[in-house]
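A short worksheet on the structure shown next.
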Amino acid sequence: MPQGPILVTGGTGMVGRNLLDLAKLRNVDIVAPSSRELDLRNFDAVRGVLRDLRPACIVHAAGRVGGIQANIREPVAFLVENWDMGKNLLMAARDAGVARVLNLGSSCMYPRNSPNALREEEVLTGQLEPTNEGYALAKCAVARLCDYISRESRECQYKTLIPCNLYGKYDKFDPQHSHLVPAIIHKLHEAKSSGRDAVDVWGDGTARREFLYAGDLADAIFTFIDRFDSLPGVLNIGLGRDYEVNEYYQAAAEVVGYMGRFEHDLSKPVGMSRKLVDTSRASQLGWAAQTSLVEGLRATYDYYLNHLG
Ligand SMILES: NC(=O)c1ccc[n+]([C@@H]2O[C@H](COP(=O)([O-])OP(=O)(O)OC[C@H]3O[C@@H](n4cnc5c(N)ncnc54)[C@H](OP(=O)(O)O)[C@@H]3O)[C@@H](O)[C@H]2O)c1
């Protein structure tokens, strides 16, 4: 491993904060400027910081991240900002001679009709999901730029991890911005606190989703920084199995202590029937998630109670 700190972008986000927590436990030397200290849309600023800092490795966990409504409303911002941040960071890293970059992609990079489980070689083989196409295009382009730089400049190894959906500490629980798992925790906690005996579930609850505890993604990132040479250009990181939406509600109800009923609202949209990433490559490389769904839900609910509930 080259000398120098690890630079983490997006250190104030959910992924970044889980990464910083683990870095503290493992005594890893990390530098993590916020967007106010280093706006990645400003190429000159990024180049200046990288030339001064000369990090051994960069983890790119910054991005404009949002739910389906925001993606539909503002595709220009999702495409342009995510591309600008990724492109500026990678080009400035190459300019500063940074040897290793670990870029974070997203499972929305997979074509909407790819068969489950989603294998790494399926990226850019078909039409993207239209509701988040801008975001997905930027993610695909940044991953490809990592490949191109690695091929052109032998001293640079720039690679991409594709995590499945995440949940965990530092998640967003506000219903306007939350994903499925934090939304369920918040809903069940509110129902329990106000004595309601029914909670609605959109659709019949049989759609399947994969969620990884964000602390496990942090573990994967440090694991593969240590084994950078064996890491392929693109690697899925997931729990390795999915659950029905109904199962997320049931497991969260046990953790939260909600004893009421679930009422399925069949008039509501449910999205894709399944989205699971293939984790066989990661397993072959010796990494698997360590946190079970119930353990992850407990830790997330503890965080919710201590900080928000
Ligand atoms: N959350 C998931 O379920 C999930 C799943 C798969 C992949 N990922 C990927 O993981 C990465 C991190 O996601 P997250 O959930 O941690 O997102 P998040 O909580 O929304 O955090 C986003 C981070 O990006 C930073 N950022 C935004 N604009 C910036 C700019 N112009 N310059 C510098 N930094 C900027 C933010 O910094 P400030 O707060 O300082 O503005 C924040 O630290 C993203 O690439 C995302 O695609 C996330």
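Note that the numbering runs from 1 along the sequence shown for the chain.
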Next on the checklist: side-chain contact (heavy atoms from CB on, under 4.5 Å), that's the test. Do Ile225 and Leu102 meet it? Break it down for me.
Outcome noted: CA-CA 8 Å; Ile225 287 176; Leu102 200 51; 4.0 Å; yes

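- Between atom OG of residue Ser150 and atom CG of residue Leu145 there is a gap of 9.0 Å, rounded to the nearest 0.5 Å.
- For the pair Arg281 and Arg119, the minimum side-chain heavy-atom distance is 4.5 Å or more.
- Connection of Trp202 to Val245 is not established within any shared hydrophobic cluster, with ILVMFWY side chains joined at heavy-atom distances below 4.5 Å, either directly or through further cluster members.
- Remark: side-chain polar atoms of Asn116 are paired, donor with acceptor, to backbone N or O of Leu276 under 3.5 angstrom.
- The SG atom of Cys57 sits 9.5 Å away from the CG atom of Asp226 when rounded to the nearest 0.5 Å.
- Within the structure, the side-chain hydrogen bond (donor to acceptor under 3.5 Å, both in side chains) test picks out no pair touching residues 132-142 (sequence neighbours left out).
- Separation of atoms CD1 (Ile72) and CD (Gln69) is listed at 6.0 Å; rounding is to 0.5 Å.
- Between Leu40 and Leu38, the closest side-chain pair of non-hydrogen atoms falls below 4.5 Å.
- Residues satisfying the side-chain contact (heavy atoms from CB on, under 4.5 Å) criterion with Ser230, sequence neighbours excluded, are Arg227, Leu285.
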Checklist entry - Does the pair Leu166 and Phe211 meet the rule for a side-chain contact (heavy atoms from CB on, under 4.5 Å), with working shown? => result CA-CA 5 Å; Leu166 305 168; Phe211 275 88; 5.8 Å; no

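- Side-chain atoms of Asp171 come within 3.5 Å of backbone atoms of Gly168 as a donor-acceptor pair (strictly under, hydrogens ignored).
- With Ser34 contributing its side chain and Arg36 its backbone, the two residues share a donor-acceptor pair below 3.5 Å.
- Side chain of Glu120 to backbone of Asn236: a donor-acceptor contact under 3.5 angstrom is found.
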Next on the checklist: Run Leu293 and Tyr248 through side-chain contact (heavy atoms from CB on, under 4.5 Å) and show every step you take.
Outcome noted: CA-CA 8 Å; Leu293 177 61; Tyr248 285 105; 3.6 Å; yes

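- Note on Leu231 and Leu90: separate hydrophobic clusters, where clusters join Ile, Leu, Val, Met, Phe, Trp and Tyr whose side-chain heavy atoms are under 4.5 Å apart, directly or indirectly.
- In this structure, the side chains of Asn88 and Met85 stay at 4.5 Å or more apart for every pair of heavy atoms.
- Distance alone, capped at 3.5 Å, is enough to place a donor-acceptor pair between the Gln290 side chain and the Ala288 backbone.
- Cluster partners of Val123 are Met109, Tyr110, Leu118, Leu124, Ile162, Val234, Val277, counting Ile, Leu, Val, Met, Phe, Trp and Tyr whose side-chain heavy atoms approach within less than 4.5 Å, directly or via other members.
- Judged by distance alone, with hydrogens and angles left aside, the side-chain atoms of Ser292 form a donor-acceptor pair with the main-chain N or O of Glu295 at under 3.5 Å.
- With sequence neighbours excluded, the residues forming a salt bridge (Lys or Arg N to Asp or Glu O under 4.0 Å) with Asp200 are Lys187, listed by chain and number.
- Within the structure, the ring-ring contact (aromatic ring centres under 6.0 Å, His included) test picks out the following pairs touching residues 142-174 (sequence neighbours left out): Tyr167-Tyr213, Tyr170-Tyr303, Phe173-Tyr304.
- In this structure, CG in Leu308 is found 12.5 Å from NZ in Lys172, a value given to the nearest 0.5 Å.
- Among pairs with a residue in residues 107-117, those fulfilling salt bridge (charged side-chain N to carboxylate O under 4.0 Å, His left out) read Arg112-Glu129, at least two apart in sequence or across chains.
- One distance of note links CD1 of Ile221 with CD1 of Ile6; it measures 10.0 Å at 0.5 Å rounding.
- Pairs passing the salt bridge (charged side-chain N to carboxylate O under 4.0 Å, His left out) check and including a residue from residues 265-275, sequence neighbours excluded, read Asp242-Arg274, Asp265-Lys268.
- Taking both residues in full, the closest heavy atoms of Leu22 and Ala218 are given as CD2-C, 3.6 Å, listed atom of the first, atom of the second, then distance.
- Residue Leu297 comes nearest to Val181 through the heavy atom pair CD2-CG1, 3.7 Å, listed as atom of the first residue, atom of the second, then distance.
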Item to check | salt bridge (Lys or Arg N to Asp or Glu O under 4.0 Å) between Arg26 and Asp219, worked out | outcome: CA-CA 10 Å; Arg26 296 189 183 175; Asp219 175 62; 2.8 Å; yes

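- No donor-acceptor pair closer than 3.5 Å links the side chain of Lys87 to the backbone N or O of Val142.
- Residues passing the side-chain contact (heavy atoms from CB on, under 4.5 Å) test with Leu53 are Pro5, Leu7, Val31, Pro55, sequence neighbours excluded.
- The two residues Gly105 and Pro163 have their closest heavy-atom pair at O-CD, 3.2 Å.
- Leu104 and Met91 sit in two unconnected hydrophobic clusters of ILVMFWY residues. Membership requires side-chain heavy atoms under 4.5 Å apart, directly or through other members.
- For the pair Leu212 and Asp216, the tightest heavy-atom approach, listed with the atom from each and the gap, is CD1-CB, 3.8 Å.
- The other residues sharing a hydrophobic cluster with Leu128 are Leu79, Leu137, where clustering joins ILVMFWY side chains under 4.5 Å apart.
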Next on the checklist: The test is side-chain contact (heavy atoms from CB on, under 4.5 Å); show your working for Arg73 and Ile68 and say whether it passes.
Outcome noted: CA-CA 9 Å; Arg73 205 174 49 238; Ile68 186 167; over 6 Å; no

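- With hydrogens and angles disregarded, a donor-acceptor distance shorter than 3.5 Å links the side chain of Lys192 to the backbone of Val256.
- Side-chain contact between Gln157 and Val101: absent, with no pair of heavy atoms (C-beta onward) separated by less than 4.5 Å.
- Contacts classified as side-chain hydrogen bond (donor to acceptor under 3.5 Å, both in side chains) and involving residues 48-68 (residues at least two apart or in different chains) are given here: Thr9-His60, Arg51-Asp95, Arg64-Glu74, Arg64-Glu81.
- Separating the CG atom in Leu305 from the OG1 atom in Thr300 is a distance of 11.0 Å, to the nearest 0.5 Å.
- For the pair His179 and Asn165, the minimum side-chain heavy-atom distance is 4.5 Å or more.
- Looking at Glu244 and Glu247, their side chains come closer than 4.5 Å, going by heavy atoms from C-beta outward.
- Val76 shares a hydrophobic cluster with Val80; the chain of contacts runs through ILVMFWY side chains whose heavy atoms sit under 4.5 Å apart.
- Listed by first and then second residue, the ring-ring contact (aromatic ring centres under 6.0 Å, His included) pairs that reach into residues 250-269 are Tyr249-Phe262, Tyr258-Phe262, sequence neighbours excluded.
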Item to check | Test log, rule salt bridge (Lys or Arg N to Asp or Glu O under 4.0 Å), inputs Asp39 and Arg41 | outcome: CA-CA 5 Å; Asp39 186 336; Arg41 292 169 301 180; 2.8 Å; yes

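- The shortest heavy-atom contact between Thr291 and Gly296 is CG2-N, 3.5 Å.
- In this structure, Arg47 places its CZ atom where more than 12 heavy-atom neighbours from other residues, nucleotides or ligands lie under 6.0 Å away.
- Residues Gln250 and Glu254 have side chains not in contact (no heavy-atom distance under 4.5 Å, counting atoms from C-beta outward).
- The two residues Asn71 and Gly66 come nearest to each other via the heavy atoms ND2-O, 3.0 Å.
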Next on the checklist: Between Glu152 and Arg94, does the salt bridge (Lys or Arg N to Asp or Glu O under 4.0 Å) criterion hold? Intermediate values first, please.
Outcome noted: CA-CA 10 Å; Glu152 270 184 27; Arg94 180 168 82 162; 3.1 Å; yes

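- You'll find the side chain of Asp197 reaches within 4.5 Å of the side chain of Arg261, heavy atoms only.
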